[in-house]
2 protein chains.
Amino acid sequence: MSTALYQHINRFIDLSNDEQEILAPLLKSFSVKKKAFLLEEGQTCRANYFVIKGCLRLYFIDIKGAEQTTQFAIENWWITDLTSFLFQEHSEFYIQAAEATEVIAIEHHHYDEMFHKLPKLERYFRLILQKNHQASQRRIKFLYSQTAEERYRHFNSLFPEFVQRVPQYMLASYLGFTPEFLSKIRAKKI
Amino acid sequence: MSTALYQHINRFIDLSNDEQEILAPLLKSFSVKKKAFLLEEGQTCRANYFVIKGCLRLYFIDIKGAEQTTQFAIENWWITDLTSFLFQEHSEFYIQAAEATEVIAIEHHHYDEMFHKLPKLERYFRLILQKNHQASQRRIKFLYSQTAEERYRHFNSLFPEFVQRVPQYMLASYLGFTPEFLSKIRAKKI
DNA sequence: ATCATTTCTTAAACTACATTAAGTTTTTTG
DNA sequence: CAAAAAACTTAATGTAGTTTAAGAAATGAT
């Protein structure tokens with residue numbers, strides 16, 4: 001089992017070796033090939049996923065049949081369709097590997113057990129969810145306050161290396177416009 | 001002190017009377033007049049607010065000078081600019097009462113203290129933040145998957161009573177279009 | 001009740017971005 | 001390394017939603 005998750009947890013709380021050993025059997029570690037799916041529309045989301053290395057994305061298919069990416073998760077981020085995961089309902093989302101990715105998964109039937117055995121982790125996940133909430137508030141403001149071109153230039157200036165990592169059509173839908181329009185923007189200037 | 005918050009907490013965890021008495025001095029309860037502000041741009045967000053009765057909204061002013069509402073909070077919802085609240089940074093948001101509103105506030109200097117004295121509340125806030133995260137995932141999908149008109153009709157069918165409660169210009173910006181366009185949509189059909 | 005303020009409506013002109021479709025380049029795979 | 005598939009570009013045409021501006025209606029204050 002990779003130590004990346006334990007290191008991440010220890011950035012927020014102190015988890016002893018004994019506690020790590022309690023946690024370990026509740027986790028699964030595995031690799032996902034590029035373009036493989038961890039979740040497809042109509043299925044029930046089985047786990048909450050932590051990215052050790054690589055990149056996952058959450059997307060859905062809109063009425064016109066186009067993929068709309070709503071979230072990316074790179075190293076040290078958690079990703080799931082939370083409603084489907086918590087209530088074991090059918091999902092309207094896909095979770096796909098944008099790159100070959102190593103993940104740690106905590107499955108639904110272990111999720112409550114984890115908090116029962118290690119109440120300390122309530123705090124870790126509260127802090128993670130706070131970060132998620134901050135990211136959501138930032139994202140909504142970002143989407144509402146700028147034009148498509150500004151959003152692209154701003155995102156590109158904040159995360160230039162990430163922009164190179166994913167196909168432009170994924171990025172375009174994440175930023176809220178079409179791949180053709182992104183092409184146009186990029187052609188305008190250097 | 002209103003019991004609404006304790007009732008809400010007890011929907012998620014068991015909080016004894018003793019524990020309620022530990023919590024009480026960390027909270028402030030007060031009324032906010034319609035249109036009054038709990039936070040203005042440039043200020044630091046002092047508290048996380050729980051709505052007992054009424055309605056608060058979170059908004060910012062975009063480049064064109066227009067108000068963009070990003071969140072509403074009605075009865076039993078928490079609202080804050082989380083980044084400004086947690087790190088005591090200047091905010092780019094306003095929090096305003098859309099109606100005369102009764103709130104309970106937990107101020108920043110009591111927030112960590114609260115978790116220290118009542119670690120049980122880690123779980124309560126983890127669960128609240130999970131609900132927020134679900135709401136964010138739903139909201140992003142909603143914004144990306146429908147036209148402006150569909151968003152209005154869908155929202156109106158889900159929350160007809162809420163649509164009557166707030167001015168249309170607040171709703172329009174929340175749904176991602178102009179008040180003029182909302183007027184146009186409403187004129188089309190009953 | 002009356003005046004002031006806020007909110008809502010209407011309509012014409014405008015624009016940012018979508019759509020369509022065809023061609024080009026890059027990446028993947030056997 | 002060749003063929004297929006995936007990703008990207010270009011350009012013409014189309015449209016959902018914005019802007020502007022003025023008037024009408026509703027709400028609030030005294």
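Protein chains get the first letters and strands the later ones, always in sequence-line order, with residue 1 at the start of each.
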Fill in: Salt bridge present between A/E75 and A/R165 (N-O < 4.0 angstrom)
yes
Discussion item. Rounding to an integer number of Å, can you tell me how far B/E67 CD sits from C/dC8 P?
Written reply: 12 Å
Practice prompt. Find the distance B/L182:CG to D/dT18:P and express it as a whole number of Å.
Written response: 11 Å
Fill in: Cationic tip of B/R139 above B/Y174 ring, under 6.0 Å, 45° of axis
yes
Fill in: Whole-Å distance separating the NZ atom of B/K184 from the C1' atom of C/dC8
15 Å
Practice prompt. Look at B/K35 and C/dT7 and indicate whether a side-chain polar atom (N or O) is within less than 4.0 Å of OP1 or OP2.
Written response: yes
Worksheet item: Under 4.0 Å: is that the gap between some side-chain N or O of A/T178 and OP1 or OP2 of C/dA18?
Response: yes
Item to complete: Check whether any side-chain nitrogen or oxygen of A/K34 sits under 4.0 Å from OP1 or OP2 of C/dT27, and answer yes or no.
Response: no
Item to complete: Take the protein atom CD1 of B/I185 and the nucleotide atom P of C/dT9, then report the distance between them rounded to whole Å.
Response: 11 Å
Discussion item. In this structure, how many angstroms lie between the P atom of D/dA16 and the CG atom of B/L175, rounded?
Written reply: 18 Å
Worksheet item: Has A/Q168 got a side-chain N or O lying under 4.0 Å from the OP1 or OP2 atom of D/dA6?
Response: no
Worksheet item: Are B/F125 and B/W78 close enough that their ring centres sit under 6.0 Å apart?
Response: yes
Practice prompt. Hey, which sits more toward the 5' end of DNA chain C by its nearest nucleotide, A/K64 or B/F181?
Written response: B/F181
Worksheet item: Starting at the 5' end of DNA chain C, which residue's closest nucleotide do you reach first, A/E180 or A/T147?
Response: A/T147
Worksheet item: Do the two ring centres, one from B/F177 and one from B/Y152, sit under 6.0 Å apart?
Response: no
Item to complete: Could you tell me the separation between the CG atom of A/L171 and the C1' atom of D/dA7, rounded to a whole number of Å?
Response: 13 Å
Fill in: Length of the CZ-C1' vector between A/F177 and D/dC8, whole Å
14 Å
Discussion item. Are the side chains of B/T44 and B/H90 in contact, using a 4.5 Å heavy-atom criterion?
Written reply: yes
Fill in: Length of the line joining B/E149:CD and D/dT18:C1', which is rounded to integer Å
16 Å
